[in-house]
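What follows is a short report on a single structure.
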Amino acid sequence: MKLFIIKKKTVAVISVLLAMLIALIFVVATSVSAKAEPRRTPIYCVKTDEKKVAISFDACWGADKTLEILSMLTQYDIVANYFCVSTWAEKYADKLKTLSDSGRVEVGTHSATHSHMSKMSAAQIENELTSSSNIIKNITGKQVTLFRPPYGEYNNTLVDTSFKLGLFPIQWDVDSLDWKNLSANEMATRILSRVKEGSIILMHNDGKHTVEALPLIITGLKNKGYTFVFISDLIYKDNYTIDNTGRQIPTE
């Protein structure tokens with residue numbers, strides 16, 4: 001009986017030790033994997049001493065306010081970026097062409113289907129980005145070089161595939177929250193208090209109070225000494241790093 005009890009205890013101890021060993025191996029493997037695959041980020045903003053900023057509009061649904069936004073850009077003599085889902089681009093091709101031809105709007109892709117792209121394979125991502133970029137290029141006649149991930153979601157595969165295709169993945173560091181139907185004054189206050197040199201502002205083409213807020217935002221930033229530039233003129237194309245906050249930093 002004693003021998004049986006001793007053997008039983010020995011088996012229990014061995015089982016515990018094995019469990020601890022397996023857990024240790026998992027931790028080490030996870031740590032090694034994390035070191036081998038550091039998390040990469042899109043560009044959220046840019047480090048610069050110049051008082052310049054980029055304002056961008058995501059276009060996924062609706063186009064009733066599109067020409068009003070363009071009118072505001074023209075009236076205040078500024079430029080902006082549009083990130084279009086290709087289904088939107090095809091449906092409102094005439095408006096997209098007008099935006100692009102105005103010289104005040106730089107157009108990037110916001111994917112083909114506005115899906116959760118961080119759940120896609122590299123091949124699926126490549127198909128989304130290539131097809132949407134081609135559709136936009138066919139409408140505007142201009143090469144697409146910028147991409148904004150739908151929902152702001154991303155992983156290493158999405159970031160790497162974007163760069164591989166010659167598309168800079170672009171996020172934002174100032175969210176207008178126009179999609180929450182904030183009032184024009186609330187949006188302006190929010191943006192003016194958060195913008196810094198090299199910021200990228202997020203707005204939406206169909207925001208309920210977006211058009212109403214634009215004069216407040218534009219004049220407010222101009223009064224602070226900011227100028228508006230295209231994202232392609234704001235970001236660095238080479239000799240840069242991106243820190244863990246998504247801030248693009250020049251290395252020279």
Could you state the interatomic distance from CZ (R104) to CG (N81), rounded to the nearest 0.5 Å? 14.0 Å
Nearest heavy-atom neighbours spanning S183 and H209: CA-CD2, 4.1 Å
NZ/NE/NH1/NH2 to OD/OE distance under 4.0 Å, D206 and K65: no
D243/R247 ion pair, N-O < 4.0 Å: no
Is there a donor-acceptor pair closer than 3.5 Å between any side-chain N or O of T189 and the backbone N or O of E186? no
Taken to the nearest 0.5 Å, the spacing of I217 CD1 from F228 CZ works out to 8.5 Å
Name all residues meeting the side-chain contact (heavy atoms from CB on, under 4.5 Å) criterion together with Q75; count only those two or more places apart in sequence or in a different chain, and write none if there are none. M72
Closest non-hydrogen atoms of W172 and I200, given as atom of the first, atom of the second and distance, are CB-O, 3.4 Å
Pairwise distance CE(M203) to OG(S176) - rounded to 0.5 angstrom: 4.0 Å
Does Q124 CD have over 12 foreign heavy atoms under 6.0 Å away? yes
Taking all heavy atoms of A93 and all of I139, pick out the closest pair and write down the distance. O-CG2, 3.6 Å
With no hydrogens and no angle check, is any side-chain donor or acceptor of N127 less than 3.5 Å from a backbone partner on A123? no
Rounding to 0.5 Å, atoms OH (Y82) and CD1 (I136) come to a distance of 13.0 Å
In Å and rounded to the nearest 0.5 Å, what is the OG1 to CG distance from T161 to L167? 10.5 Å
In sequence, state the C-alpha distance, the side-chain angles, and the governing distance for L192 and L221, and then conclude on side-chain contact (heavy atoms from CB on, under 4.5 Å). CA-CA 7 Å; L192 294 175; L221 289 174; 3.6 Å; yes
May I have the list of side-chain donor-acceptor pairs in residues 232-241 shorter than 3.5 Å, sequence neighbours left out?
residue : atom : partner : partner atom : Å
S232    : OG   : E106    : OE1          : 3.4
S232    : OG   : E106    : OE2          : 2.4
Y236    : OH   : K47     : O            : 2.6
K237    : NZ   : S232    : O            : 2.2

Would you check, one step at a time, whether the test side-chain contact (heavy atoms from CB on, under 4.5 Å) holds for I55 with I191? CA-CA 11 Å; I55 188 166; I191 289 173; over 6 Å; no
In chain order, what residues pass the ring-ring contact (aromatic ring centres under 6.0 Å, His included) check against Y92, with sequence neighbours excluded? W88
Just how far is it from atom CG of L99 to atom CG of L70, taken to the nearest 0.5 Å? 5.5 Å
Can you confirm whether more than 12 heavy atoms, excluding those of N223, are under 6.0 Å from its CG atom? yes
Is S162 reaching over with its side chain to a backbone N or O of L158, donor-acceptor style, under 3.5 angstrom? no
Who passes ring-ring contact (aromatic ring centres under 6.0 Å, His included) against H114, sequence neighbours left out? W61, H110, Y151
All heavy atoms of V85 vs all of C60, minimum pair found to be CG2-SG, 3.8 Å
Which of these, I231, V144, T109, sits in a side-chain contact (heavy atoms from CB on, under 4.5 Å) with F83? I231
Identify whether L202 and L216 are in the same connected component of the hydrophobic contact network (ILVMFWY, side-chain heavy atoms under 4.5 Å). no
Membership question, hydrophobic clusters at under 4.5 Å side-chain separation (ILVMFWY): are F163 and M120 in the same one? yes
Same apolar cluster (I L V M F W Y, side chains within < 4.5 Å links), L165/I135: yes
Beyond-backbone contact of Q171 with P149, side-chain heavy atoms, under 4.5 angstrom: yes
When hydrophobic residues are tied together by side-chain contacts of less than 4.5 Å, even through go-betweens, does V105 share a cluster with Y76? yes
Does a donor on one side chain sit under 3.5 Å from an acceptor on the other, for S56 and R148? yes
Taking every heavy atom of Y226 against every heavy atom of K52, the minimum-distance pair comes out as CD2-N, 4.0 Å
For the pair S133 (side chain) and T130 (backbone), establish whether a donor and an acceptor sit closer than 3.5 Å, ignoring hydrogens and angles. no
Under 3.5 Å, is there a donor-acceptor pair between the E68 and S71 side chains? no
Return yes when atom NZ of K91 has more than 12 non-hydrogen atoms of other residues, nucleotides or ligands closer than 6.0 Å, and no otherwise. no
Mind checking who shares a hydrophobic cluster with V79, ILVMFWY linked at side-chain heavy-atom distances under 4.5 Å? F230
Donor-acceptor pair, S115 side chain versus M117 backbone, under 3.5 Å? no
Count the heavy atoms belonging to other residues, nucleotides or ligands that lie under 6.0 Å from NZ of K180, then report whether that count exceeds 12. no
Looking only at heavy atoms, the pair that brings G62 and N205 closest together is O-ND2, 3.1 Å
Can you find a pair of side-chain heavy atoms, one from R190 and one from L177, that are under 4.5 Å apart? yes
Treating K142 as the side-chain partner and S100 as the backbone partner, does any N or O pair qualify as donor plus acceptor under 3.5 Å? yes
Within the 4.5 Å heavy-atom criterion, are N155 and R40 side-chain neighbours or not? no
I'd like to know if L182 and W179 are part of one continuous hydrophobic network [Ile/Leu/Val/Met/Phe/Trp/Tyr, side-chain heavy atoms within less than 4.5 Å]. yes
Should C84 and L96 be marked as a side-chain contact (heavy atoms from CB on, under 4.5 Å) after you check the CA-CA gap, both sets of side-chain angles, and the distance that decides it? CA-CA 9 Å; C84 305; L96 180 58; 3.8 Å; yes
Y154 and Y44 aromatic ring geometry - parallel, tilted or perpendicular at 30°/60° bounds: perpendicular
Keeping to residues at least two apart or across chains, list the salt bridge (Lys or Arg N to Asp or Glu O under 4.0 Å) pairs with something in residues 162-178. E126-K164, D173-K196
List the steps and the verdict of side-chain contact (heavy atoms from CB on, under 4.5 Å) for F57 and T66. CA-CA 10 Å; F57 300 87; T66 304; over 6 Å; no
Verify, without hydrogens or angle tests, whether Q143 (side chain) and K137 (backbone) share a donor-acceptor contact under 3.5 angstrom. no
